[in-house]
Amino acid sequence: VEGRKGGSNLAATLTNAITIAEERLATTENISEDIATELQTLLDEAKGARNAGSYTNEEAKAKAAEITALSRRLQYDYLIIEMTQAGTLGDLVLDLVENFSDVKGITIIGPMDDYDIERVANMANLEYMDLSNAQLSRIERDLFQNHDSLMTVRLPKTLTYLGYRAFSDCDGLTSVTISGTLSTDNDSWNGEEAFYSCDALEEVIVEEGARAIGYEMFENCYRLSKL
């Protein structure tokens with residue numbers, strides 16, 4: 001029935017959104033408790049109004065969209081982003097979270113550019129960063145300097161340039177994986193002091209394909225015991 005009570009198609013859309021959200025609440029790992037509480041309140045409200053037939057078409061449509069958007073954020077703090085076009089990371093992340101600071105971990109697959117890696121650097125509470133399957137050739141100097149929340153970094157296999165002190169003074173950083181083909185043939189700054197004074201750094205994994213390590217790349221990393 002169309003009109004005040006809402007059409008059958010929109011009622012089905014709302015019911016479907018509710019069902020999917022309830023499944024995500026029950027099965028999602030590493031769940032955000034704040035988002036879960038907010039979503040459960042929204043679901044209770046929507047089910048009550050749906051059962052009473054009190055939503056208009058537009059209200060049912062808007063509520064279904066609200067439920068869908070919130071349910072997608074349940075696992076918001078650890079994201080896996082598959083990119084098809086460089087320069088779009090910001091929009092893809094903000095489709096899932098309200099702010100870059102919400103993200104605690106990110107894995108990126110696909111093409112990236114300078115804009116995209118700058119968006120990652122703006123994630124103030126980032127702890128885990130896996131770029132091993134990202135297509136990115138450069139990380140500029142000082143970009144992640146003093147990013148103290150960062151604990152684990154996996155650099156891109158395609159990386160050819162790592163700027164001076166790009167990750168220096170990251171006091172929480174404990175593990176780094178290098179798999180790119182860094183070369184100092186034409187640029188003496190490439191990789192130089194990239195992880196300078198990362199006080200907590202204990203492990204560096206250098207995978208096959210890493211052609212060179214920058215000058216004093218791990219200077220003042222006194223806890224480094226495994227390379």
Side-chain angles (χ1 to χ4, degrees), residues 28-38 72-83 88-110 112-134 136 138-157 159 162-180 191-207 214 216-227:
T28 302
E29 298 179 356
N30 300 319
I31 197 167
S32 165
E33 294 299 333
D34 290 342
I35 300 298
T37 299
E38 184 179 351
R72 286 175 177 169
R73 291 178 51 206
L74 277 175
Q75 205 173 4
Y76 76 99
D77 48 353
Y78 287 87
L79 304 180
I80 299 175
I81 305 292
E82 296 189 28
M83 299 185 61
T88 61
L89 180 67
D91 290 338
L92 293 173
V93 169
L94 292 177
D95 281 343
L96 301 171
V97 301
E98 291 186 356
N99 302 292
F100 291 127
S101 59
D102 291 332
V103 182
K104 292 185 179 179
I106 192 164
T107 296
I108 301 174
I109 302 165
M112 297 179 66
D113 60 15
D114 289 345
Y115 172 86
D116 296 320
I117 193 62
E118 287 171 4
R119 301 290 76 75
V120 178
N122 287 338
M123 297 174 184
N125 297 311
L126 192 66
E127 299 174 356
Y128 176 87
M129 179 177 75
D130 184 356
L131 304 180
S132 57
N133 292 305
L136 179 71
R138 298 177 65 89
I139 296 177
E140 300 297 339
R141 63 178 295 158
D142 303 327
L143 190 59
F144 289 89
Q145 188 177 50
N146 295 314
H147 206 311
D148 292 341
S149 65
L150 200 57
M151 295 187 288
T152 300
V153 169
R154 294 176 58 86
L155 294 175
K157 294 181 177 71
L159 191 69
L162 185 59
Y164 176 71
R165 294 195 175 185
F167 291 89
S168 67
D169 298 291
C170 292
D171 291 342
L173 188 61
T174 60
S175 177
V176 172
T177 300
I178 300 172
S179 54
E192 181 167 352
E193 296 187 3
F195 297 93
Y196 178 85
S197 198
C198 290
D199 296 337
L201 186 59
E202 298 176 350
E203 177 185 58
V204 175
I205 300 169
V206 182
E207 295 186 341
E216 294 188 342
M217 198 173 197
F218 302 102
E219 182 74 4
N220 288 352
C221 297
Y222 296 117
R223 293 190 184 181
L224 183 59
S225 59
K226 184 177 180 180
L227 179 59

Just wondering, do R119 and V93 contact through their side chains at under 4.5 Å, heavy atoms?
no

With a 4.5 Å limit on heavy-atom distance, are the side chains of K157 and N133 in contact?
yes

Salt bridge (charged side-chain N to carboxylate O under 4.0 Å, His left out) partners of E118, counting only residues at least two apart
none

Checking D116 side chain against T88 main chain: does a donor-acceptor pair fall under 3.5 Å?
yes

Could you tell me if the side chain of Q145 sits less than 4.5 Å from the side chain of Y164, heavy atoms only?
no

Is any side-chain heavy atom of L131 closer than 4.5 Å to a side-chain heavy atom of L159?
no

Is N220 reaching over with its side chain to a backbone N or O of Y196, donor-acceptor style, under 3.5 angstrom?
no

Is I108 close to L136 at the side-chain level, that is, under 4.5 Å between some pair of heavy atoms?
no

Provide the closest heavy-atom pair for C170 versus F144 in the form atom of the first, atom of the second, distance.
SG-O, 3.1 Å

Checking the side chain of H147 only, and the main-chain atoms of L173 only, is there a donor and an acceptor separated by less than 3.5 Å?
no

Are V204 and M217 close enough that some pair of their side-chain heavy atoms sits under 4.5 Å apart?
no

Heavy-atom closest pair (C198 atom, F167 atom, distance to 0.1 Å) is SG-O, 3.1 Å

Spacing of CG belonging to D130 relative to CG belonging to L155, to within rounding of 0.5 Å
10.0 Å

Quick one: do E193 and R165 make a salt bridge, cutoff under 4.0 Å?
yes

Please give me the minimum heavy-atom distance between N125 and S149, naming the atom from each residue.
C-OG, 3.3 Å

How long is the span from the CD1 atom in I139 to the CG atom in D114, to the nearest 0.5 Å?
10.0 Å

Interatomic distance, CG@L89 vs CG@L94, rounded to 0.5 Å, equals 9.0 Å

So if I apply the side chain to side chain contact (heavy atoms under 4.5 Å, CB included) rule between V103 and each of V120, L79, N122, which one comes out positive?
L79

Atom pair CZ/CG of R138 and L143 - distance to nearest 0.5 Å
11.5 Å

Rounded to the nearest 0.5 Å, what separation is found between the CG atom of L150 and the CD atom of E127?
9.0 Å

Do you know the tightest heavy-atom contact between Y128 and L126?
O-CD1, 3.5 Å

State whether the side chain of N99 and the backbone N or O of S101 hold a donor-acceptor pair below 3.5 Å, judged by distance alone.
no

Of the options R154, E203, E202, which is the one that meets S175 in a side-chain hydrogen bond (donor to acceptor under 3.5 Å, both in side chains)?
E203

Should we count CD1 of I80 as having more than 12 external heavy atoms under 6.0 Å?
no

Of the non-hydrogen atoms in L92 and E82, which two are nearest, and what is the gap between them?
CD1-O, 4.5 Å

Using a 4.5 Å cut-off on heavy atoms from C-beta on, say whether the side chain of I178 contacts that of L162.
no

Looking only at heavy atoms, what is the nearest atom pair of C221 and F195, with distance?
SG-O, 3.0 Å

